[in-house]
Amino acid sequence: MSSLISFSASFKRISQAIGEVIEFQSRIWVINIHEGTLNDESFIINEDSFKEPMQWMVKRQYSTEMIEKVDAMKRSQIVVLMLNNVEHRLIRVK
């Protein structure tokens, strides 16, 4: 009986880990970098080709606090961050 409980707990942890990987790989973000000029830039990030969550933010040198805040966002949420004195508006689409 204890081996069945142990198997069940292990299976639950594995299922949860797989679910988390699938979740981050299906996320889509819209990012607007607002400099207050005509040079504003917007782009879409789809995490399905990434090896780890928030890889795109790490590459752009967002702080750990910013990455954690964005990683916890739910769908349709918007967050505004300041990076190098430039406003970054992030929207989680999916």
Side-chain angles (χ1 to χ4, degrees):
M1 180 72 166
S2 65
S3 63
L4 180 59
I5 294 171
S6 177
F7 174 76
S8 178
S10 295
F11 182 75
K12 185 176 180 179
R13 284 193 302 271
I14 292 169
S15 296
Q16 183 178 5
I18 291 170
E20 288 172 4
V21 168
I22 291 170
E23 168 67 17
F24 100 75
Q25 288 185 330
S26 68
R27 295 189 300 192
I28 298 174
W29 309 88
V30 176
I31 294 87
N32 172 258
I33 300 175
H34 179 68
E35 295 187 44
T37 67
L38 296 177
N39 296 330
D40 286 3
E41 174 181 14
S42 295
F43 50 94
I44 297 172
I45 299 288
N46 185 341
E47 288 189 290
D48 66 351
S49 63
F50 295 160
K51 294 178 180 160
E52 60 186 63
M54 312 312 286
Q55 183 177 337
W56 59 277
M57 290 186 78
V58 173
K59 286 183 178 181
R60 288 181 173 79
Q61 299 179 340
Y62 285 81
S63 72
T64 302
E65 294 80 22
M66 291 176 180
I67 293 170
E68 289 172 355
K69 185 174 186 177
V70 172
D71 192 36
M73 289 173 63
K74 303 294 182 203
R75 289 183 182 116
S76 302
Q77 281 189 304
I78 299 170
V79 69
V80 177
L81 305 170
M82 292 299 290
L83 181 64
N84 299 324
N85 294 320
V86 176
E87 188 175 85
H88 291 227
R89 301 171 184 162
L90 293 89
I91 304 167
R92 180 171 175 196
V93 179
K94 181 177 173 194

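Heavy atoms only: backbone and side chains are in, while hydrogens, waters and symmetry mates are out.
Side chains of Asp40 and Glu35 form a contact here, defined as non-hydrogen atoms less than 4.5 Å apart. When side chains are defined from C-beta on, Trp56 counts as touching Ile31, because their heavy atoms get closer than 4.5 Å. At least one side-chain heavy atom of Met54 sits under 4.5 Å from a side-chain heavy atom of Arg27.
Taking every heavy atom of both residues into account, Val70 and Trp29 meet most closely at O-CH2, 3.2 Å. Leu81 approaches Met66 most closely through the heavy-atom pair CD1-CB, 3.9 Å.
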With side chain to side chain contact (heavy atoms under 4.5 Å, CB included) as the criterion, how do Glu68 and Asp71 come out once you've worked through the C-alpha distance, each side chain's angles and the decisive distance to 0.1 Å? CA-CA 5 Å; Glu68 289 172 355; Asp71 192 36; 5.6 Å; no
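Hydrophobic clustering, with ILVMFWY side chains joined whenever heavy atoms are under 4.5 angstrom apart, keeps Ile78 apart from Met73.
Judged as a side-chain hydrogen bond (donor to acceptor under 3.5 Å, both in side chains), and not counting sequence neighbours, Gln55 has no contacts. Partners of Glu41 according to the salt bridge (charged side-chain N to carboxylate O under 4.0 Å, His left out) rule, which considers only residues two or more places apart in sequence or in another chain, do not exist here.
Between the CG atom of Asn32 and the NE2 atom of His88 there is a distance of 9.5 Å, given to the nearest 0.5 Å.
Asn84 places no side-chain N or O within donor-acceptor distance of the main-chain N or O of Val86, the cut-off being under 3.5 Å.
A salt bridge between Asp48 and Lys94 is absent, with no side-chain N of the basic residue lying under 4.0 Å from a carboxylate O of the acidic one.
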